[in-house]
Amino acid sequence: MADDAALLALLQLTDSGFPSGAYTLSHGLETLVAEGWVTGPDALGEVIATLLLERAAEADLPVLLAAHRLGATGSASADPGAIDRLAALDRTLETIKLAREEREGSRRVGRRLLVEAARLVPGALVTRYAAVVRAAGSPPGHAAVAQGLAYAAVGVPARTAALAAGAALTSGTVTAAMRLGRIGHGEAQRLLLAAHPTIIAAVDRAETRDPADLRPSAPMLDVALARHERADVRTFAS
Amino acid sequence: MTGPGAWGAFRVGIGGPVGSGKTALIEALVPRLVAAGADVVVVTNDIVTREDELHVKRTLAGVLDPNRVVGVQTGTCPHAAVREDPSMNLAVLDELAARYPAADYAFVESGGDNLTLTFSPELVDHALFVIDVAGGDKVPRKRGIGLIRADLLVINKTDLAPYVGADLDVMAREGLEVRGGRPLAFTDCRHGDGLDALLDHLRGAREAWVAGTGRDAPGRDAADAQHGHAHGPDGSHRHP
């Protein structure tokens, strides 16, 4: 990346030390492990591919890209319609995320990211949207919207932001698998590297998707997330 | 953060090893606070099984509306959830603040872990660390960061001391020594001993916080040194 500042900003936002809360989410993996669907790296690889290509590429990443476009157009005072368009994107995700834990996890991560980003980049659109989200009866504040705005605010280009979000989703899932005792740390690194082409494919797909016509389809993950609500043991929030 | 912001709830973190009595402490304190007219909410990270979740709500049934008790899973990272990335706990506190704007106390119970667990000062205004005598009377001198840095060290299950050979005087002396004279308290939550003194401590801490002279006011270390004194094994407590 030509822009050093944008690279450093990207590294900061994607660092494991950045407070996103995302480490508490297993995206349905905890149930898939508990019920015997995922016992090792091969099945985990399939889960990652589904998360990236059938969920992220078809819902969260198109929304992230659209939010990024709005956030990159200027300061908080530019484009008075931007808030309404962000809220519409936000409510779309609320509607199409079928499992409660997925919706709730995404909202909580997104809302905290908005707070952190507003502190870091006070003059940007993300700050105005953070205030709107905090008000009563407000848009839900889903993670993809917050990510698009936050990355735009610190100067990270759109495609890079989407790749970073895809990488974070992959890393979080692999880390959850380690914590659930299904893979070792070396296997985790191999899986992460092997996922790179899938992450790229997911972003390629997301760039062609219309945020007004999103069609994610990951029924097994949705069922796993729903069953997680009533599981006897819940180590993760989703 | 000094003093209340938009939400007047005094956020109290409760950390400590597995089984030390964190949940028992909350279950003992909350009814007493509510009986005294306080508005209370509870966030608990010490919650993995459905049994855990139902236990707390059942124990506080009739005292606290179950919607005031929220569990937050930490994805096997009890330290991160209250220290370097307390996002989910903060998100839940935000939700509770919106639903219960008049709350006086918000307890945040960490997942059971080891002696190094500390709370981010952006998550809580005051931190308690709970150990129990059955863990051994040498625990204070292990100098765990969580045990040292907490605003109040609580040594629970004093009733078991004779059965496990724990010398409470040793724990009191060494606890004060490793904590530089910062306060500690003995409790037996099961039988209610030491709780009145602990409530006095919390009320005093909350008053100081409301007045803006609490946790991170300038010269805090000096203020703590002046406050440092032992609480007797019987829970006796006197402020100067």
Side-chain angles (χ1 to χ4, degrees), chain A residues 15-27 29-31 33-34 101 104-117 119 130-131 133-138 140-143 146 172-182 227-238, chain B residues 1 5-7 11 18 43-57 66-67 69-102 108-113 118-124:
Chain A
D15 189 270
S16 59
F18 186 84
S20 69
Y23 66 91
T24 65
L25 310 175
S26 83
H27 310 288
L29 186 64
E30 184 168 22
T31 299
V33 167
E101 287 186 354
E104 210 164 71
S106 172
R107 279 201 307 263
R108 285 179 177 168
V109 166
R111 283 172 167 246
R112 290 313 305 172
L113 178 53
L114 286 171
V115 168
E116 297 299 330
R119 280 202 278 212
V133 165
R134 283 191 83 81
S138 55
H142 278 289
T173 308
V174 167
T175 302
M178 268 197 289
R179 293 189 178 134
L180 290 164
R182 291 297 142 175
R227 290 170 67 79
H228 189 254
E229 287 182 46
R230 298 194 180 278
D232 284 333
V233 175
R234 291 165 66 224
T235 314
F236 289 83
S238 77
Chain B
M1 214 164 19
W7 194 33
R11 299 168 305 170
V18 172
V43 178
T44 176
N45 293 174
D46 201 9
I47 179 166
V48 171
T49 63
R50 279 177 63 73
E51 181 186 345
D52 289 336
E53 183 174 3
L54 294 171
H55 171 80
V56 177
K57 295 191 180 191
N67 293 318
V69 181
V70 181
V72 174
Q73 277 74 20
T74 66
T76 78
C77 299
H79 283 220
V82 299
R83 190 181 56 206
E84 59 264 30
D85 186 354
S87 304
M88 292 309 213
N89 278 313
L90 286 167
V92 167
L93 285 172
D94 280 349
E95 291 163 17
L96 288 169
R99 293 212 302 269
Y100 307 104
V108 180
E109 181 192 6
S110 74
D113 202 54
T118 56
F119 286 85
S120 164
E122 294 179 54
L123 175 64
V124 302

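Since this is a predicted model, take the numbers as computed values, not measurements. In the text below, chain A, chain B and the rest are named by the order of the sequence lines, each starting its count at 1.
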Filtered by a 4.5 Å non-hydrogen cutoff, the part of residues 229-236 of chain A contacting chain B is A:E229, A:R230, A:A231, A:D232, A:V233, A:R234, A:T235, A:F236
Of all the residues in residues 174-182 of chain A, which have a heavy atom that comes within less than 4.5 Å of a heavy atom in chain B? A:R179
For A:R112, which residues count as a salt bridge (charged side-chain N to carboxylate O under 4.0 Å, His left out) partner, sequence neighbours excluded? A:E116, B:D94
Shortest non-hydrogen contact between A:G21 and B:S87, atoms and distance: N-OG, 3.3 Å
Across all chains, not counting sequence neighbours, the salt bridge (charged side-chain N to carboxylate O under 4.0 Å, His left out) partners of B:R99 are none
With no hydrogens and no angle check, is any side-chain donor or acceptor of A:Y23 less than 3.5 Å from a backbone partner on B:A81? yes
A:S26 portion near chain B, given a 4.5 angstrom heavy-atom threshold: neither
Go through B:G71, B:A98, B:C77, B:G111 and name the one with the most non-hydrogen pairs under 4.5 angstrom from chain A. B:C77
Winner by heavy-atom pair count (cut-off under 4.5 Å) against chain B, out of A:S16, A:S20, A:S238: A:S20
Going by salt bridge (Lys or Arg N to Asp or Glu O under 4.0 Å), B:E95 matches just one of A:R111, A:R134, A:R108, A:R107. Which one? A:R108
